Amino acid sequence: MKNNYRLLMGLLFLAGPVMAQDATVPLNQDVYRLIDRYHIKYPTENLHTSFKPYGRTKVAELGEAARQDAISGTRPDEYNANYLLNDNWNHTRFSRDNENPRPVLRHFYTNKTDLYHYESPEFTLRVNPVLGLQAGKDNETDGLRYLNSRGVQVEGTIDGKLGFYTFLADNQAKLPGYVNRRIERDNIVPHEAYWKDFSSEGYDFFSARGYVNYAATKHISVMLGHDRNFIGNGFRSMILSDYSAPYFFLKLQTQVWKLQYTNLYAELTQSFQRADQLYDKKYMTLHHLSINLLPNLNVGVFESVIFGRDHGRFELQYLNPIIFYRSIEQGLGSEDNALLGADFKWDIRKRVQLYGQVVLDEFLISELRAGNGWWGNKFGLQGGAKYIDAFGVSNLDLQGEINLARPYTYQHEDPAKNYQHYLQPLAHPLGANFAEAVAIVRYQPLPKLTLTGKAIVSRYGQDPEPANPASNYGGNVLKPYTTRSGDPEQPTTVRDGNYGQTIGQGITTDQVYGEATASFQLMYNMFLDVTQVVRRAAADDSRFDQRSSFTAVSFRWNIPQRTHEF
């Protein structure tokens, strides 16, 4: 049966790729760093990298391309190519050395990648444990800082047309001091939804993600689920990131010729208070078109609308999959929050990638030319570059990135229309009113060892009273722009907040975030991490100065690193 199944999968690959009969690769910086690295080296037009997560079939195809050269390349490259193939064994003919000669109790770990698996032409199943344990110490809090996550991950396919996935984990955590301050400000644990108090200064929360993905035709897939999405090729995204809590969504993705067109409809949560009540809903609709203009040049355009109606009613006109949202918004006479923008990537000589994004919340050319800091010129920008095998050193990868967002970008006067979900920004974790430079160095000297260094330098403006909605210099997307602040010593037009708005206004803060991690893969998807974080913030008001350091050791099994890079 197993040989017949492999033969069937081989015939499917020879016949050409079928759109989205599979599950997707879960969002994980470690894995997506490998995918993006090898897509620069071995570009496959079938994989559009601007909209994540990626389907496992496409990643397996990339792994096959990487394997051809990796056999005669470095040991880490060969190891990584085999990892991508074994991680997606049910979508490739070339998974290597994945069968386990010594399974546990005959039925468990019959291959090296899964606690339990089953495969047939009609059905595949993968079941794996989830375990994340972290112990650390920071200089701002007493006692041990820790994370304790336990759960299960299940995925598979049915009839080669339906993919399914679920991730469940129960978590208890005591977090570093600078993360606690963010929780105190916004009343939410970063990346999560509902939470409860645990012990003293601790948090208890349950993580749940899952979806079904159906191949409606050869070129159109339909995904219904509760998870995150990410748009862009950078470390950050100014359009849609995976920072916030998961959300319920319907995603239609059409891929044909050089085009990938994505429709995303999501139900979001306006606010959160730990009470026995139904939380107010709001909605996001998004169109994203990705075009491979050349084999090494991709351009994308997007539009999105955030809106809410009384009693959580959905605006049916936004269901139109190909119309211009702004025209619908104007035709309705609404004040919904519409954003427009674009992204691009350009791969050069299979070694360098340039990428960027632009997001327009509101924009007037005449006001921009006037240079008077009009508050309504709200936009975000990103520019970055990746350099793999830098300076001829195998498996040394560099990345540099610049991000900025004008004050009041993503804000709205109505909490049903601001660009956030469960009190967390949908784009950059700093919100707006910031400029940031990111530098990342990754080196893999041994197949199982990866060293990563990150330096993030930012200037942003804080509010004098962070939790007060009326104290608003444009950084916190949760606040209404109708409470925007001006300089009381300036003329009236500036004092009332209409003009003179600049990045970093308010309590100007210069921050440096440094992180160094050594990660060793003990066995498939089982990691031991040692991490050091240093964070320094110098503000105009000394009350906002911060000097944080956090040292941690982590054990991870089928779960990504939990980071707080803000």
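Keep in mind it's a predicted model, so treat the numbers as computed, not measured. All values below come from the heavy atoms of this structure, side chains included, with hydrogens, waters and symmetry mates left out. Residue indices begin at 1 and follow the sequence shown.
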- Sort and list the pairs that fulfil salt bridge (Lys or Arg N to Asp or Glu O under 4.0 Å) and have at least one residue in residues 447-460, not counting sequence neighbours.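 Only K454-E515, K454-E565, R459-D510 qualify under salt bridge (Lys or Arg N to Asp or Glu O under 4.0 Å).
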- Item | Exceeds 12 heavy-atom contacts within 6.0 angstrom, atom CZ of R75 |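 Atom CZ in R75 is not crowded, with 12 or fewer foreign heavy atoms closer than 6.0 Å.
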Donor-acceptor check, side chain of [X] to backbone of [Y], threshold 3.5 angstrom: yes or no?
X: D389; Y: N395; result: yes
X: H428; Y: L430; result: yes
X: D347; Y: I40; result: no
X: Q424; Y: H191; result: yes

- Item | Passing candidate, side chain to side chain contact (heavy atoms under 4.5 Å, CB included) with E140, options R535, R181, R547, R145 |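 Of the listed options, the one satisfying the test is R181.
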- Message: Given P53, which partner from the list V25, N229, I35 fulfils the side chain to side chain contact (heavy atoms under 4.5 Å, CB included) test?
- Response: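 For P53, the side chain to side chain contact (heavy atoms under 4.5 Å, CB included) test succeeds with only one of V25, N229, I35, which is N229.
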Is it true that [X] and [Y] make a salt bridge, defined as a side-chain N closer than 4.0 Å to a carboxylate O?
X: D242; Y: K52; result: no
X: D30; Y: R556; result: yes
X: D529; Y: R562; result: no
X: D227; Y: R209; result: yes

- Are T157 and H91 side-chain neighbours, meaning at least one heavy-atom pair lies under 4.5 Å?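 In short, these two side chains touch, coming nearer than 4.5 Å.
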- Pairwise side-chain contact, V59 with Y38, heavy-atom cut-off 4.5 Å (strictly under):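 No. Closest side-chain heavy atoms not under 4.5 Å.
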- Message: As a test of understanding, state which of E401, E436, Q357 forms a side-chain hydrogen bond (donor to acceptor under 3.5 Å, both in side chains) with R236.
- Response: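 Single pass found, and it is E436.
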- ring-ring contact (aromatic ring centres under 6.0 Å, His included) partner of Y211, the single match among F248, F249, Y165: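 The single option meeting the ring-ring contact (aromatic ring centres under 6.0 Å, His included) with Y211 is Y165.
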- Query: Is NZ or CZ of K350 both nearer than 6.0 Å to the six-membered ring centre of Y42 and within 45° of the ring axis?
  - Reply: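 No, K350 and Y42 do not form such a contact.
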- Take F550 and H564, measure what ring-ring contact (aromatic ring centres under 6.0 Å, His included) needs, and give me the verdict at the end. CA-CA 11 Å; F550 176 58; H564 302 287; 8.7 Å; no
- Query: For Q399, which residues count as a side-chain hydrogen bond (donor to acceptor under 3.5 Å, both in side chains) partner, sequence neighbours excluded?
  - Reply: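 By the side-chain hydrogen bond (donor to acceptor under 3.5 Å, both in side chains) rule, Q399 matches Y355.
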- After noting the C-alpha distance and the side-chain angles of K345 and H39, does the key distance pass the side chain to side chain contact (heavy atoms under 4.5 Å, CB included) rule? CA-CA 12 Å; K345 73 163 187 177; H39 196 257; 3.2 Å; yes
- Task: For P103, check side chain to side chain contact (heavy atoms under 4.5 Å, CB included) against everything at least two apart and list the hits.
- Result: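 So P103 forms a side chain to side chain contact (heavy atoms under 4.5 Å, CB included) with T110.
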- Message: Assess the residue pair F230 and Y32 against the criterion (side chain to side chain contact (heavy atoms under 4.5 Å, CB included)); give the C-alpha distance rounded to whole Å, side-chain angles, the decisive distance to 0.1 Å, and a yes or no.
- Response: CA-CA 11 Å; F230 187 100; Y32 275 80; over 6 Å; no
